[in-house]
Amino acid sequence: MSNEITINSGETLKIKKDDSVVDEIIIDRGGDSSSNAVHFVMEGGNLEVEGVTLTGGRGEQGGVVHVHGGSATFKSCSIFDNIANEYDE
């Protein structure tokens, strides 16, 4: 599975739940043991996520976000059931 969102240098992606939305907003990548399904790949730039649930992410070095550069900010988010398979220091 691919189609993760890549944020490059000079770009900003903002995802924010509108106050008029009553129900929870869930972004589920549906990753399992046979596929990688990272939510976001940071190649630079800025990611701002607020008020959503991120689940079902799976990746070699991060289930939700894989940061090569840039910054990622999560505010009032639920992040659960995501798996990173390995970690390189």
Side-chain angles (χ1 to χ4, degrees):
M1 180 179 291
S2 60
N3 298 324
E4 68 271 355
I5 296 172
T6 301
I7 298 104
N8 295 301
S9 183
E11 298 177 338
T12 296
L13 174 64
K14 296 181 181 181
I15 300 172
K16 181 179 179 183
K17 179 181 174 182
D18 189 275
D19 292 336
S20 66
V21 176
V22 177
D23 292 330
E24 182 178 23
I25 295 177
I26 300 172
I27 302 173
D28 186 348
R29 289 289 287 141
D32 59 30
S33 61
S34 65
S35 66
N36 285 336
V38 177
H39 289 276
F40 307 102
V41 176
M42 299 295 301
E43 297 290 349
N46 300 295
L47 171 65
E48 300 173 17
V49 182
E50 183 176 347
V52 300
T53 296
L54 300 167
T55 189
R58 185 180 186 97
E60 293 299 316
Q61 297 175 335
V64 173
V65 61
H66 191 173
V67 180
H68 296 279
S71 67
T73 303
F74 299 89
K75 181 178 176 183
S76 301
C77 292
S78 295
I79 299 173
F80 70 95
D81 200 20
N82 298 281
I83 298 170
N85 296 328
E86 66 180 61
Y87 174 73
D88 294 330
E89 291 187 31

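Positions are given from 1 along the sequence.
- Put simply, the side chain of Lys17 gets close to the backbone of Asp23: a donor and an acceptor are under 3.5 Å apart.
- Take Lys14 and apply the side-chain contact (heavy atoms from CB on, under 4.5 Å) test, not counting sequence neighbours, and it matches Thr12, Glu48.
- Asp18 meets the side-chain hydrogen bond (donor to acceptor under 3.5 Å, both in side chains) test with Ser20; sequence neighbours excluded.
- Through chains of ILVMFWY side-chain contacts below 4.5 Å, Val52 is grouped with Ile5, Ile7, Leu13, Ile15, Val21, Ile25, Ile27, Phe40, Met42, Leu47, Val49, Leu54, Val64, Val65, Val67, Phe74, Ile79.
- Hydrophobic cluster membership for Ile26: none, as no Ile, Leu, Val, Met, Phe, Trp or Tyr side chain comes under 4.5 Å of it.
- In this structure, the side-chain contact (heavy atoms from CB on, under 4.5 Å) partners of Asp81, at least two apart in sequence or on a different chain, are Thr55.
- By the side-chain contact (heavy atoms from CB on, under 4.5 Å) test, Ile83 is found to be paired with Arg58, Asn85, residues two or more places apart in sequence or in another chain being considered.
- Every side-chain hydrogen bond (donor to acceptor under 3.5 Å, both in side chains) that Thr53 has, sequence neighbours left out, goes to Glu24.
- Pairing each heavy atom of Thr6 with each of Glu43, the nearest pair is CG2-CG, 3.7 Å.
- Screening residues 62-71 for side chain to side chain donor-acceptor pair (under 3.5 Å) gives Asn46-Ser71, Gln61-His66 as the qualifying pairs, with residues at least two apart or on separate chains.
- Residues forming a side-chain contact (heavy atoms from CB on, under 4.5 Å) with Ser9 (at least two apart in sequence, or on another chain): none.
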